[in-house]
Asks: 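Have a look at this one.
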Amino acid sequence: MLQKRSLEELQALCKRVRRHIIEMTGAAGSGHPGGSLSAVEILVTLYFDVMRHDPSNPSWPDRDRFILSKGHGCPALYAVLAEAGYCPVDQLKTLRKLGSIYQGHPDRRFLPVLEASTGSLGQGLSIGIGMALAARLDGRDYRTYVLLGDGEIQEGQIWEAAMFAAFHKVDNLVAIVDYNKLQLDGFVKDIMDLEPLVDKWRGFGWHVIELDGHDIPALQRAFAEAKTIKGKPTVLIAHTIKGKGVSFMENNPKFHGIAPTPEEVEIALKELA
Amino acid sequence: MSTRTTRFELKMGKSTRVAFGETLVELGRQDPNIVVCDADISKSTMTHYFAKEFPERFFSCGIAEANMVGIAAGLASCGKIAYVSSFSCFVINKGFEQLRVAVAYPQVKNFRVVGTHSGISIGEDGPSQMGIEDLSLVCALPGFTVLVPADEVATRALVRLATYHDGPVYIRAGRPNVPIVYEPTQQFEIGKAIELIPGDDVTIIAIGLMLAEAIRAAELLENEGIMARVVDMHTVKPLDREAIRKAAEETGAIVVAEEHLVDSGLGVRVAQVVAEEYPVPMEFVGIQNTYAESGKPQELLEKYGLVAKNIAEAARRVLRRKNKKC
């Protein structure tokens, strides 16, 4: 099991993870830095504070499950898994290279610690529900967390899953929407607006917590609150900034799916020093 | 020319979907690890037998096949033996992307999908409900095993084998009652074709309800002195290459019969093996690049060329080609 970390330690970890993301995507020459950087606090809070898991026993049946449904954000997940001790930190820069365990999108065949292979948007919530139902059937108390992209929830399958989870009272499941307001083609509000997003999830029968997705104590409180909610699933609408932590990447649609150049890597790493 | 005394009479049996539903509930009694998901169609797919006896292990997913496949993938990933069921056209076509990314690609082993109401023999409901491209789609998924039982005996055996198979499985079932072609004691093995009728002039390879038609076709042909071998290729993927090679080598002509689009089902898969192993003339009986219509199942099978007469005609055609080559 991982030791408990202080807020300062968690914040320092976030910075380290952000540096990994920049170095990984920079070395790969491709990838999705923007949506990786927006999810850093969410992932670090989950893996280093909230979730019950043990890097020395990755197939522990009672481990909490995490699914990165927005699979393109995998540089952030790989960096967090590596920092937690599941996989080598020194191979992070092999991201997207032939034979790397760090595939372009999460691939369980190469990295079995991943709970699902994702990348085709809209599918992770359904898979997470199945895992949560299995926990219920087996009388296990592990919880399942699914991180969704904001653009991703334009997919219809998400709302099929949302309906199912509320109807079947899947209360050992937490979804998090990384609401960074940007998708590949531009601003979410211009491509296919999600608002009123809180009302939508509430209308589908979920317990909704709206928060700043970069505020670690707020994330800790929200995940703790989710544990107390019985009879319905919980969703965190996490307001985030795409490209968070690197000045020229923040809120810049360009960095959805474009890697930083070597010069940009240098500047970004200075900012994240 | 050899002589033989083949018993061609076939007794009418249950539909393969009913045999599936009954077998599933029997398996459910023996194994608490089996779970079932259905999409508001359990009274037609016959998973409602299971739902009634094991409500805590049955998940009603509503009319949302994509989500259903994903949920079953999650259940199977956590060690459950997960069955999902709907009409084959709905669960395969609407769930295809989920079968690809949530099941086949991450190699979720304990996942089973059963498509009922396959082919045009569903009858009056018409083409929007007819699964005629399901074999093509599922066979395109690496690692999937694809099974097509021909009668209730085969269904009971293959569902049992599928339940404990090491890898994802698709089972194709049908709506109408079908003749019983097997003795109750028949043994089945996934990937191993079964020769029902011996013969050396031509081989008819068939699946599903076309197997009974193939047996009737063999009778028609025998009356003309043509001894047709009839083979049940119940496992469409992986194919029994040895049975195909033997058929090509020993009979020199092959007809494939299936209730599926003829240009993307069993026939083209068998043809690939024939081309690789032992090229011989082939003919194909199936649905010809079209959608069917409403009607009684038997009327449709006759109109769209899927009865014994059509198989026998294909056999005569392929024999003419075979003899021309000699």
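Just so it is clear: chains get the letters A, B, ... in the order the sequence lines come, proteins before strands, and each one is counted from 1.
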Asks: So for Tyr142(A), is it side chain, backbone, both, or neither that comes closer than 4.5 Å to the heavy atoms of chain B?
Replies: side chain
Asks: Going from CD1 on Ile127(A) to SG on Cys78(B), what distance comes out if it is rounded to the nearest 0.5 angstrom?
Replies: 11.0 Å
Asks: Select one option (side chain, backbone, both, neither) describing which atoms of Ala72(B) are under 4.5 Å from chain A's heavy atoms.
Replies: neither
Asks: Is the NZ atom of Lys97(A) crowded by more than 12 outside heavy atoms at less than 6.0 Å?
Replies: yes
Asks: So what's closer than 4.5 Å to chain A heavy atoms on Val108(B): side chain, backbone, both or neither?
Replies: neither
Asks: How about Asp199(A): does its CG atom have over 12 heavy atoms from other parts shown lying under 6.0 Å from it?
Replies: yes
Asks: Looking at chain B, which one of Thr118(A), Asp138(A), Ile67(A), Ile158(A) has the largest number of heavy-atom pairs inside 4.5 Å, strictly under?
Replies: Asp138(A)
Asks: Heavy-atom pairs under 4.5 Å with chain B - which of Met131(A), Arg108(A), His168(A), Arg136(A) has more of them than the others?
Replies: Met131(A)
Asks: Relative to chain B, which segment of Ala116(A) carries a heavy atom at a distance below 4.5 Å: side chain, backbone, both, or neither?
Replies: neither
Asks: How would you list, by chain and number, every residue that makes a salt bridge (charged side-chain N to carboxylate O under 4.0 Å, His left out) with Glu133(B), sequence neighbours excluded?
Replies: none
Asks: Measuring from Leu137(A):CG to Arg57(B):CZ, what's the distance to the nearest 0.5 Å?
Replies: 8.5 Å
Asks: Who among Cys61(B), Ser77(B), Ala76(B), Ala73(B) has the most heavy-atom pairs with chain A under 4.5 Å?
Replies: Cys61(B)
Asks: Please list, in residue-number order, every residue in residues 93-105 of chain B that has a heavy atom less than 4.5 Å from any heavy atom of chain A; write 'none' if there are none.
Replies: Glu97(B), Gln98(B), Val101(B), Ala102(B), Tyr105(B)
Asks: Atom CD1 in Ile71(B), atom CD1 in Ile129(A): separation rounded to 0.5 Å?
Replies: 4.5 Å
Asks: Is the number of heavy atoms from other residues, nucleotides or ligands within 6.0 Å of CZ (Phe110(A)) greater than 12?
Replies: yes
